[in-house]
Protein chains: 2
Amino acid sequence: MNNKTYFSGCSISMHQCRCFDTLTENEKKLVEKNSVSISYKKGEVICKRGSFASHVMYLESGLAKVYIEDGVNTLVLKILPEKNLLGLASVSDDFKTFEYSVMAYIDSEILQIDIGTFKKLLVQNPVFAKEVIDIQNANSVQIYGRFFCLTHKQSFGRLADILLCLSDRIFKKDEFELPLSRKELAELSGLSSETVIRMLKVFRQDSLIGIEGKMFKLLDREKMKQISETG
Amino acid sequence: MNNKTYFSGCSISMHQCRCFDTLTENEKKLVEKNSVSISYKKGEVICKRGSFASHVMYLESGLAKVYIEDGVNTLVLKILPEKNLLGLASVSDDFKTFEYSVMAYIDSEILQIDIGTFKKLLVQNPVFAKEVIDIQNANSVQIYGRFFCLTHKQSFGRLADILLCLSDRIFKKDEFELPLSRKELAELSGLSSETVIRMLKVFRQDSLIGIEGKMFKLLDREKMKQISETG
DNA sequence: TTGAGTTACTGATCTGGATCAGTTTGATTT
DNA sequence: AAATCAAACTGATCCAGATCAGTAACTCAA
């Protein structure tokens, strides 16, 4: 009876945004007419928590972090891969402002969709609305896992988790160049950068990973998985 | 420039569930016909994370905790006051099972609504769907705040936060009888029960609160607020 | 190629809160 | 009223990870 349930702190949504597929041709045109596309460079802030939300956003390409901060600490809620919606809370009249901040990890392309148009579609196309609910749900469940991970796992488990997650869900191979600084990696795992650096060293010494600068290589996936589950 | 943003770890949704108001008479009857009401005693498990979800739930009366656990640790996602929906994720086909567990803090009445019926309403009544989206949003935003609180505030801030929250949102007065054990209060604030007990002692010594067994009385709300913001 | 700034890394120290090992209190049963 | 058991509380100790105070390496600009 020692089968602990496993929660992934993985902060990357796997949900494929299908909601636009449910629109009619006319509706698609309506969206096109009422949206603009904007480019962001690596490190640029895409939206600030608390600022007026006149649009829903869609990450067409790139990679972004969704986070909240209080001036001292930053909490990364999730990593957002391309083809995902952002700022959905603003469709509720209760939230006139963005509920979180978003920053581009790498150069990214954002589609801003007028909130009025989006709301109109929600009410006029129930299947679309249903898809949006699905997105919200996937989102919640993922946040629950991450919440558990950051509050109840300890450092090695968290870091192993994040590394596996990045490899599996973003880069889709064992070797990848990580576009994040050590500090960003630390903030993602809810640790100090010093701690992360020390831990990476241990992982390397134990031949779990190979690191050269920003190049990461998973050498022992099996053991890594085990650490992420038990640690 | 030292105005830190304040996140409440308050785990109690203030959202009033309005979604049923949007239904027509016929739809209301449909819901009534396809739902059952069940009583739970204090401490009873209302649903288990991972079990099949054939229904959405509505807490008619009582008070419950929504949580996830891995066999060792428990994370309380939120406290659920009466008149709130539960287990919404199961309306998504991706989630056939409950995404969290629920336990009654006090004797509670639960309405189980057939999932098929609920889904049907979602697709047939867009205003209803919109209300459900609003509920999801309120939920997410609240969890974000709690997430931040439990990961970045320290013990005194967290406990002050929870106490204020219970007083404000559940009991709606400064003096109340808390139906939770010290251990449950601890788990709610992400601390060990020993730590919570010690902290309560400090609060009492500083005349911030009065405690006698399960009776709590907030004596210095102002200072309490301050601790919850800075600590 | 020098210097200025940022990021990576290392070592030494500190500490918040957990853990462990009790005692006391209170509720419930017999 | 004695016995039992869980919850409340206390004190002593420990440790994971933060923090501080550096050095080293790696940009990038002039």
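A, B, ... follow the sequence lines: proteins, then strands. Residue 1 opens every chain.
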Spacing between [X] atom [atom1] and [N] atom [atom2], to the nearest angstrom:
| X | N | atom1 | atom2 | answer |
| --- | --- | --- | --- | --- |
| B/Lys42 | D/dA7 | NZ | P | 11 Å |
| A/Glu184 | C/dT6 | CD | P | 15 Å |
| B/Glu212 | D/dA8 | CD | C1' | 14 Å |
| B/Arg182 | C/dT25 | CZ | P | 15 Å |
| B/Leu185 | D/dA8 | CG | P | 10 Å |
| A/Lys183 | C/dC9 | NZ | C1' | 16 Å |
| A/Lys214 | C/dC9 | NZ | C1' | 13 Å |
| A/Ile197 | D/dT19 | CD1 | C1' | 14 Å |

**Message:** Any side-chain to backbone donor/acceptor pair from B/Ser92 onto B/Phe95? Under 3.5 Å, distance only.
**Reply:**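 A pair under 3.5 Å: no.
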Can you tell me which residue pairs pass the disulfide (SG to SG under 2.5 Å) test with a partner in [range], sequence neighbours excluded?
| range | answer |
| --- | --- |
| residues 188-231 of chain A | none |
| residues 159-231 of chain A | A/Cys10-A/Cys165 |
| residues 35-79 of chain A | none |

**Prompt:** So does B/Glu212 pair up with B/Arg204, basic N to acidic O under 4.0 Å?
**Reply:** no
**Asked** Is the closest side-chain donor-acceptor distance between B/Glu60 and B/Ser37 under 3.5 Å?
**Response**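 B/Glu60 vs B/Ser37: donor-acceptor pair found between side chains.
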**Asked** For the residue pair A/Tyr144 and A/Phe7, is the inter-centroid distance of their aromatic rings smaller than 6.0 Å?
**Response**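 Between A/Tyr144 and A/Phe7, the centre distance exceeds or equals 6.0 Å.
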**Message:** Counting only side-chain nitrogens and oxygens, does B/Lys201 get under 4.0 Å of the OP1 or OP2 atom of D/dA8?
**Reply:**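 The answer is no; no side-chain N or O of B/Lys201 sits under 4.0 Å from OP1 or OP2.
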**Request:** Verify ring pair (Phe, Tyr, Trp, His ring centres under 6.0 Å) between B/Phe216 and B/Phe171, making sure each step is shown before the conclusion.
**Result:** CA-CA 11 Å; B/Phe216 284 71; B/Phe171 304 105; 9.1 Å; no
**Asked** For residues 188-201 of chain B, which residue pairs qualify under salt bridge (Lys or Arg N to Asp or Glu O under 4.0 Å), counting only residues two or more places apart or in two chains?
**Response**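 Found none.
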**Item:** Divergence of helical axes at both termini of the helix from C/dT1-D/dA30 to C/dT30-D/dA1 - five pairs an end, 10° steps
**Value:** 40°
**Asked** Can you give one letter per nucleotide of nucleotides 14-24 of chain C, 5' to 3': B if a protein heavy atom sits under 4.0 Å from the base, S if only from the sugar-phosphate, - if neither?
**Response** ---SSBB----
